[in-house]
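Chain letters run A, B, ... following the sequence lines, proteins first and then strands; every chain starts at 1.
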Amino acid sequence: MRYDAQAVERKWQTRWETEKTFATPTDRTRPKYYVLDMFPYPSGAGLHVGHPKGYVATDVVGRAKRMMGFNVLRVMGWDSFGLPSERQAVREGIHPREVTDRNIATFRGQLQKLGLAYDWDREFATSDPRHYKWTQWIFRKLYEQGLAYQADVAVNWCPALGTVLSNEEVNDGVYVETGDPVEPRTMKQWMFRITEYAERLLSGLDNVDWPASTEKKQREWIGRSEGAQLRFDIQGSDASFEVFTTRPDTLFGCTYVVLAPEHPLVDAITSDAQRGAIAAYLDETGKKSDRDRTSQAADAPKTGAFTGAYAVCPVNGEAVPVWISDYVLASYGTGAVFACPAHDERDHAFARTFGLPIREVVAGGDVQEAAYTGDGPHVNSGFLDGLDIDTAKSRIIAWLEERGIGKGTVNYKLRDWLFSRQRYWGEPFPIVFDDDGNPHLVPESELPVLLPDLTDFTPTTGSDGEPLPPLARAEAWMNSPHGRRETNTMPQWAGSCWYYLRFLSPDRDDVPWDTEEEKYWMPVDLYVGGNEHAVLHLLYARFWHEVLFDLGLVTTPEPFERLFHQGMIHAMAYNDDPDMQGKFFYPHEVEQTDDGFVAKSDGRKLYTKNMKMSKSRYNVSNPDDLCEEHGADALRLYELFMGPLEEGGQWEDAGVAGTRRFVDRVWRLVVDPLTGERPEKLVSAGTPDRDLDRALHAAIKKVTESVDDLRFNTSVSAMMVFVNEATSANTVTVEQVEAFLRILAPFAPHVAEELWERLGHTESIANAPWPAHDESKLAVDTITLAVQVNGKVRATIEVPAEASKDEVLAIARADEKVQSWLAKGELKREIVVPGRLVNLVIPGA
RNA sequence: GCGAGAAUGGCGGAAUCGGUAGACGCGCUGGACUUAGGAUCCAGUGGGAUUUCCCGUGGGGGUUCGAGUCCCCCUUCUCGCACCA
């Protein structure tokens, strides 16, 4: 009988469910292991084979760690609030909750077919009031700490959607999903003071095991820079402004100053003569988004306008002109800079554009030609002359501090976090406003603030022209006994900021998480997800976690001990345009000819490119189809076999056929396809074949290592080697097969369970102990060495494994082929690399 | 522009304290068993010569007895970040 994947998978998935095989253990005598997947957003499109790649990898880790004696927490849930569901709901004319429930059911069904060892009893969705009650509860904590506030801020306003979008949803001035234009607009929004945690978020990175590139991205995003803040007075006026600089040592080279166009002082100091020019410039630059303004190279041509005012350079009393320019950002530092064109590329470009003077203060370059940013002795700088940059910096900072003009300071690129959206499908804020418009927390006892039912989710505009969130139409809901409710909702990041804590005790309605459970399970030992979340999600979650830590609500400062990014899966895409800008074709619509690929329908030439798997590129493979055709185990194995986890790889459906053949061969080790009984060569007693034992223990070693280093592709390969050898061996012992099935089980759990049972075991293989590899079984009696002459392999010899260097050389020299090479010249040098090769240096040979 | 990573057969990928390049799989070729097989099994599969030879890890230099691996220069691709004073 052949292996019937469908039947076997149904049988074991049902059994795991009814016997609660993967329920989270409650005893506390064993070490714990919390392995977590970044939970998905349940979109309407369902899963393609790229999505579960990470889940399969963590499943191997979770199942193996469990067999190794750990208590494993392995869970799955849904990041189910968000704009796409709301838009889908509008399209289909139903409530987002229905859309969400349906999408979740699809996702869950697809994942369950893969046999992933989740504790499904802990599943939850962030849009469930039982979860968002506690999201609101955490918001209260942050608010009470003074970390949440309202402010008028410039936001990405999308008129077509009627909502504010986050920066990451906007690219080149349009919404990335729909292409609708986005414009800058100032609105009152909820903000989090994540900047207060900038230093902590930086130092915390020292104590986690994360990919270096991700750590670096977070550091750069936080963007710490040391420098000085100092005051410039406006000449002939009481007004003054502060500037931030990382190069206070170049203050003597200041020949003008620049304010951001939005700087509050601009209007007051502009001279009558310049008023027209300034107004024109403000008009021009006001149309640009912050992103447009910051997407320029440092030496790009600059724009700006002169205010007519002069400021006094504090270090030498010189009057320097005050300009405005959009290369100075209002949102960074103080929104004003002093310009030293000699030693700053941007200032240099600006000075060249407007003919402003360039004064060298650090020797070493030709500053009229280009800004010199290297080190050198200071010149034209009074008491700083002759000093290098570092010394000059500390000297000038001390000088400024003595006189009360400025001080050494630290600045961050990190901005406060804009936390409100004008949408329906998100967590309501636990906030009400009194008649004066002051915000107040909704009492903890009244949480959750439930999202009211609406039938229309589109945002509108109020009578004053201001945007109105959908919740503003829920009249009855809005008017609470405590005051008027906040009608904005939280962004999608909110629910995912702490979901890993909710998994610890999702059934508790009295607390967000059980403190004893938190002490035991946290931190997450292994967190696997895409690197597209390298900054935002992972930074936001760390921020909340740090706050919770400060409040004594969690016991670890960092939530995610080890982080790993699975790569993006690509697949061949077919398009009738060489740049992939035309019509895409499905693989089944394509035919390969001698001249390349053509469309079956009309024979038009097609171009191919490996592209990210995506429905819009017609290159997705559906896991359901592949489970149907080849079985879940074959699919799981191929997900891991196709390449290193962090590299993603090129998907080929045919590859699943290959791992399926492997599964079939495994099956035939235990089940004779003709009789359905054990094959005769599978013996319960007898001496295990030595070579087969070697392959077995090599595989055990490899697989065991891969559980920690996550290099599963070579582990699958090692298991294939064992099965190939076992298939051709004369006898295979039950002991060998049982050891093999246990290392196979995390990868291909269904077939492993079935064969384990056929070998007489009554308990699930998921609870069987992990086999240890025996180093002595890897040893060999004789080894084959390459004999090189002048670095080229000319012969191979068999030598005893224990042979000495001299013995090896003697055998090598005695070799017939080697003899002929020795005859060609004088043997100058002999190199023996134990266990590897012999190299004979014979000049002239 | 800056930064990071990558480039190995027809394809996915192995092998990096420098030590027999191409494990394992896909695909392909030939054969066996078969009414048939996209089933299974056996053999082969980097290129070129063809008996023990030459050339091969994006290109060009270098170090070394020996380089996919180390160093220098270049090309291409992918992914980040992009006027943060």
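- Separating the CZ atom of A:F722 from the P atom of B:G25 is a distance of 15 Å, rounded to the nearest angstrom.
- The nearest whole Å value for the distance from the CZ atom in A:F662 to the C1' atom in B:C26 is 16 Å.
- Side-chain atoms of A:H343 come within 3.5 Å of backbone atoms of A:V362 as a donor-acceptor pair (strictly under, hydrogens ignored).
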Donor-acceptor list for residues 711-721 of chain A side chains, cut-off 3.5 Å, not counting sequence neighbours:
| from | atom 1 | to | atom 2 | distance (Å) |
| --- | --- | --- | --- | --- |
| A:T714 | OG1 | A:R711 | O | 3.2 |
| A:S715 | OG | A:K702 | O | 3.4 |
| A:S715 | OG | A:S706 | OG | 2.8 |

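- Rounded to whole Å, the C1' atom of B:U63 lies 40 Å from the corresponding atom of B:G27.
- For A:H565 and B:G5, the NE2 to C1' distance is 13 Å, given to the nearest whole Å.
- Within the cation-pi definition used here (under 6.0 Å to the ring centroid, within 45° of the axis), A:K302 does not qualify as a partner of A:F350.
- One C1' atom belongs to B:A21, the other to B:G47, and the distance between them is 14 Å to the nearest Å.
- A:Y281 pairs by the ring-ring contact (aromatic ring centres under 6.0 Å, His included) definition with nothing, not counting sequence neighbours.
- Here the separation of B:A67 from B:G13, taken at their P atoms, is 27 Å to the nearest Å.
- The same atom, C1', is picked in B:A7 and in B:C54; the two are 26 Å apart, to the nearest Å.
- In this structure A:Y372 satisfies the ring-ring contact (aromatic ring centres under 6.0 Å, His included) test with no other residue, sequence neighbours excluded.
- A salt bridge between A:D249 and A:R247 is present, with a side-chain N of the basic residue lying under 4.0 Å from a carboxylate O of the acidic one.
- Classified by its glycosidic torsion, B:G25 falls in the anti category, the angle being over 90° from 0.
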Summarise protein proximity over nucleotides 7-22 of chain B in one line of letters, 5' to 3': B for base, S for sugar-phosphate only, - for none, counting protein heavy atoms closer than 4.0 Å.
-----BSSS---BB--
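- Residue-to-nucleotide proximity on RNA chain B shows that, of A:G655 and A:D664, the 5′-proximal contact is made by A:G655.
- To the nearest whole angstrom, the two P atoms, one in B:G68 and one in B:C17, are 15 Å apart.
- Checking the phosphate oxygens (OP1, OP2) of B:U52, no side-chain nitrogen or oxygen of A:K792 falls inside 4.0 Å.
- A:K701 meets the side chain to side chain contact (heavy atoms under 4.5 Å, CB included) test with A:E705, A:H773, A:E775, A:L778; sequence neighbours excluded.
- Using a 4.0 Å heavy-atom cutoff across all strands shown, A:V328 reaches at least one base atom of the nucleic acid.
- Every residue was checked against the ring-ring contact (aromatic ring centres under 6.0 Å, His included) condition with A:F662, not counting sequence neighbours, and none meets it.
- Applying the side chain to side chain contact (heavy atoms under 4.5 Å, CB included) rule to A:A370 yields no partners; only residues at least two apart in sequence or on another chain are considered.
- A:D347 comes within 4.0 angstrom of nothing in the nucleic acid, heavy atoms only.
- For the pair A:E532 CD and B:A4 P, the interatomic distance rounds to 22 Å; values are reported in whole Å.
- With C1' as the reference atom, B:U8 and B:G3 are 26 Å apart, rounded to whole Å.
- Taking the charged nitrogens against the carboxylate oxygens, A:R224 and A:E199 do have a contact shorter than 4.0 Å, which makes a salt bridge.
- Atom P of nucleotide B:U52 and atom CH2 of A:W821 are separated by 12 Å, given to the nearest angstrom.
- Checked against ring-ring contact (aromatic ring centres under 6.0 Å, His included), A:Y607 has no partners two or more places apart in sequence or in another chain.
- Using a 4.0 Å heavy-atom criterion, one finds that A:A300 contacts no nucleic acid atom at all.
- Going from atom CG of A:N790 over to atom P of B:C65 covers 11 Å, rounded to whole Å.
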Encoded 5' to 3' (Watson-Crick or G-U under 3.5 Å; [ ] crossing; | other strand), RNA chain B becomes (((((((..(((......[....)))((((((.......))))))(((....)))..(((((..]....))))))))))))....
Between A:K393 and A:E226, is the salt bridge (charged side-chain N to carboxylate O under 4.0 Å, His left out) condition met? List the steps.
CA-CA 11 Å; A:K393 271 187 190 171; A:E226 289 181 16; over 6 Å; no
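- Side-chain contact between A:L692 and A:F722 is present, with at least one heavy-atom pair separated by less than 4.5 Å.
- In this structure, A:G658 reaches the sugar-phosphate backbone alone: every heavy-atom distance under 4.0 Å involves primed, P, OP1 or OP2 atoms, never a base.
- Spacing of C1' atoms, B:A36 relative to B:C24, comes out at 31 Å, to the nearest Å.
- Residue pairs meeting the side-chain hydrogen bond (donor to acceptor under 3.5 Å, both in side chains) criterion with at least one member in residues 825-838 of chain A, sequence neighbours excluded, are A:R813-A:E830.
- Between the side chain of A:N531 and the main chain of A:A534, no donor-acceptor pair closer than 3.5 Å is present.
- Near RNA chain B, meaning a heavy atom under 4.0 Å from it, residues 211-219 of chain A has A:K216, A:K217 in order of number.
- Remark: A:R661 does not engage A:D664 in a salt bridge, criterion side-chain N to carboxylate O under 4.0 Å.
- Between the P atom of B:A39 and the CD atom of A:E629 lies a distance of 12 Å, rounded to the nearest Å.
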Protein-nucleotides 41-48 of chain B N/O pairs under 3.5 Å:
| from | atom 1 | to | atom 2 | distance (Å) |
| --- | --- | --- | --- | --- |
| B:C41 | OP1 | A:R668 | NH2 | 3.0 |

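- Spacing between B:C65 and B:U78 at atom C1', rounded to whole Å, works out to 38 Å.
- A:E826 has its CD atom 16 Å from the P atom of B:C65, to the nearest Å.
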